[in-house]
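Data block below; observations after.
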Amino acid sequence: MVKRRVHVAAAAMISADQKRVLIARRPSNVDQGGLWEFPGGKLAPYETGLEGLKRELHEELGVEIVRARPLIRVHHEYPDKHILLDVWQVQEFAGEPFGREGQAVRWVPMEELVNYPFPAANLPILRAVMLPTDYLITGEEANEERFDSLLERALSEDGVRLVQLRAKNLDEAAYIARAERALRLCRQYDAKLLLNGEPALLDAVDADGIHLTSARLMDLERRPIAENKWLSASTHDQKQLSQAAVLGCDFVTLSPLRTTPSHPEVAPLGWHDFQQLVERAGMPVFALGGMTRFDANHARAVGAQGIASIRDFWK
């Protein structure tokens with residue numbers, strides 16, 4: 001049976017305080033009725049994603065998009081159809097949204113989105129909405145006082161809100177001690193901290209999640225941590241992205257986009273191959289490898305959640 005292909009544009013509408021997102025309830029008389037979703041609808045013939053979204057938001061909510069950027073594209077297979085969700089983050093709009101078609105709409109704090117039932121295809125969007133666009137990977141710093149200073153500067157001055165604690169040169173006891181201090185700093189600035197190491201580290205430090213190396217990723221058969229913790233992984237190709245999906249990773253890094261001083265022998269993906277891999281990833285992807293904040297807009301334009309970096313954030 002040839003499945004129907006349905007192209008849908010959807011909006012993650014963010015409130016002015018950047019803390020809430022608008023969701024709408026599907027009518028009870030449609031497929032998956034009663035579930036919540038991000039506003040939007042099917043594209044008309046020859047419409048682009050943004051054109052269709054502008055029309056849909058005007059028809060459904062009575063608002064006009066002023067400024068929006070790509071957030072994520074999600075391919076999802078249902079028994080009878082293939083859905084492509086073309087999702088945009090609406091950063092500015094004119095008008096006060098209300099359910100023009102009688103549907104319930106609600107502004108929800110981002111951290112409470114997980115309490116609402118969504119169609120399965122919407123789950124990667126929830127992750128993308130809750131994640132920031134910058135992912136700091138900490139550098140190898142031997143001096144603990146200087147490490148703390150560099151991390152606090154990134155949190156306070158650069159506004160970093162997602163941190164991976166990478167410290168390959170430390171033994172387990174020293175890593176745990178550093179992780180405990182890093183967690184206190186991250187809590188102070190409302191940032192998420194992921195530990196780069198064995199999942200069992202969460203038994204010693206109640207961080208926000210675990211980042212898997214690509215080797216650990218490929219060795220696992222199932223998700224190694226609880227669903228209420230963030231799981232990310234390092235990926236470099238389609239095989240590793242597929243494994244990340246099998247394990248239920250919440251997001252990944254994909255590298256190297258460019259040649260880097262740390263791995264000059266590794267062939268870079270380049271923007272074209274990166275975009276092709278991201279298109280089918282089915283989860284938020286951070287571009288890694290020679291990335292700076294000047295690349296952020298380009299990365300998001302080709303489907304990335306944002307950029308991950310050591311050198312650009314760790315100064």
Open item on the list: When you measure from the side chain of H236 to the backbone of S255, do you find a donor-acceptor pair of N or O atoms at a distance under 3.5 Å?
Closed with: yes
* V6 and L84, any side-chain heavy atoms less than 4.5 Å apart -> no
* Does one hydrophobic cluster hold both L123 and M283, with members joined at side-chain heavy-atom distances below 4.5 Å? -> no
Under 4.0 Å between a Lys/Arg side-chain N and an Asp/Glu carboxylate O for R55 and E59?
-> yes
Interatomic distance, CG@L277 vs CD@Q238, rounded to 0.5 Å, equals 5.5 Å
Basic-acidic side-chain contact under 4.0 Å: E279, R73: yes
For residues 173-191, the side-chain hydrogen bond (donor to acceptor under 3.5 Å, both in side chains) pairs (sequence neighbours left out) are E144-R178, E144-R181, D148-R181, E152-Y189, R187-D208
Any heavy-atom pair between the side chains of L151 and L155 that's under 4.5 Å?
yes
Q.
Quick one: does any side-chain atom of R161 pair with a main-chain N or O of T133 as donor and acceptor, under 3.5 Å?
A. no
Practice task
Answer yes or no: is there a donor N or O on one side and an acceptor on the other, between the side chain of E47 and the main chain of A44, under 3.5 Å?
Solution key: yes
Discussion item. Can you confirm whether the side chains of S232 and Y135 place a donor and an acceptor under 3.5 Å from each other?
Written reply: yes
S149 and E145: side chain donor to acceptor below 3.5 Å
no
Exercise for the section: Could you tell me whether K229 and D250 make a salt bridge, using a distance below 4.0 angstrom between a side-chain N and a carboxylate O? Expected result: no
Discussion item. Could you check whether N196 and Q164, counting side-chain N and O atoms only, form a donor-acceptor pair closer than 3.5 Å?
Written reply: yes
Worksheet entry | Donor-acceptor contact present, side-chain T235 to main-chain D237, <3.5 Å | no
Review point. When you measure from the side chain of E56 to the backbone N and O of G52, does any donor-acceptor pair fall under 3.5 Å?
Key: no
Hits for ring pair (Phe, Tyr, Trp, His ring centres under 6.0 Å) against F147, two or more places apart or cross-chain, chain-then-number order -> W314
Taken in chain and number order and not counting sequence neighbours, the residues that satisfy ring pair (Phe, Tyr, Trp, His ring centres under 6.0 Å) with H298 are W271
Heavy atoms from other residues, nucleotides or ligands near CD of E92 exceed 12 (cutoff 6.0 Å): yes
Quiz item: When the ring planes of H75 and H82 are compared, do they come out parallel, tilted or perpendicular, using 30° and 60° as the limits?
Solution: tilted
| said: With a 4.0 Å cut-off on N to O distance, would you call K19 and E111 a salt bridge? | reply: no
Here the gap from L85 atom CG to L71 atom CG, rounded to the nearest 0.5 Å, amounts to 11.0 Å
Do Q89 and R69 get their side chains close enough for a donor-acceptor pair, meaning under 3.5 Å?
yes
Worksheet entry | Within the 6.0 Å centroid threshold, strictly below: H76 and Y78 | yes
Sidechain N-carboxylate O distance under 4.0 Å for E37, R25 | no
Rounded to the nearest 0.5 angstrom, the CG-CZ distance for D134 and F313 is 3.5 Å
